[in-house]
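Report on the structure given below.
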Amino acid sequence: MQTNQFIAVMSSDFLCLTLAFPLVLAQELQHQKASPSLLLVLGSTVPLFGALAYLSIRPNFVVKDQIS
């Protein structure tokens with residue numbers, strides 16, 4: 001019985017994260033004032049490949065002050 005409950009929790013967690021990623025991606029693109037490309041939008045619907053594509057093409061962070 002515990003195995004079935006674990007699988008149900010993992011499945012619902014995967015579903016929630018899959019649905020949340022495109023929303024987080026849209027918020028991040030709005031924050032960076034970037035326009036989303038069609039490839040990135042379509043890729044965000046595939047959880048693993050969409051996240052990897054976004055992380056590989058996003059601009060680097062600009063560090064204003066560095067602490068020595």
Side-chain angles (χ1 to χ4, degrees):
M1 186 66 175
Q2 287 181 341
T3 303
N4 291 339
Q5 185 178 7
F6 177 73
I7 292 173
V9 170
M10 291 300 293
S11 298
S12 63
D13 181 51
F14 179 74
L15 178 65
C16 290
L17 292 176
T18 301
L19 294 175
F21 181 72
L23 299 173
V24 172
L25 178 64
Q27 183 181 17
E28 176 71 19
L29 289 174
Q30 184 180 22
H31 176 71
Q32 291 184 3
K33 295 180 177 55
S35 62
S37 67
L38 180 62
L39 181 61
L40 187 61
V41 171
L42 291 176
S44 71
T45 60
V46 180
L48 178 62
F49 298 115
L52 290 175
Y54 172 69
L55 290 174
S56 64
I57 65 171
R58 72 178 294 227
N60 293 332
F61 287 113
V62 176
V63 179
K64 294 181 181 180
D65 296 322
Q66 292 183 348
I67 300 174
S68 319

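Side chains are part of it too, since the values below use all heavy atoms of this structure and drop only hydrogens, waters and symmetry mates.
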### Summary
Residues at least two apart in sequence or cross-chain that pass side chain to side chain contact (heavy atoms under 4.5 Å, CB included) with Leu23, listed by chain then number, are none
#### Entry: Path from Ile57 to Leu25 over hydrophobic side-chain contacts below 4.5 Å
yes
### Query
Can you pull the salt bridge (Lys or Arg N to Asp or Glu O under 4.0 Å) pairs that have at least one residue in residues 2-25, sequence neighbours excluded?
none
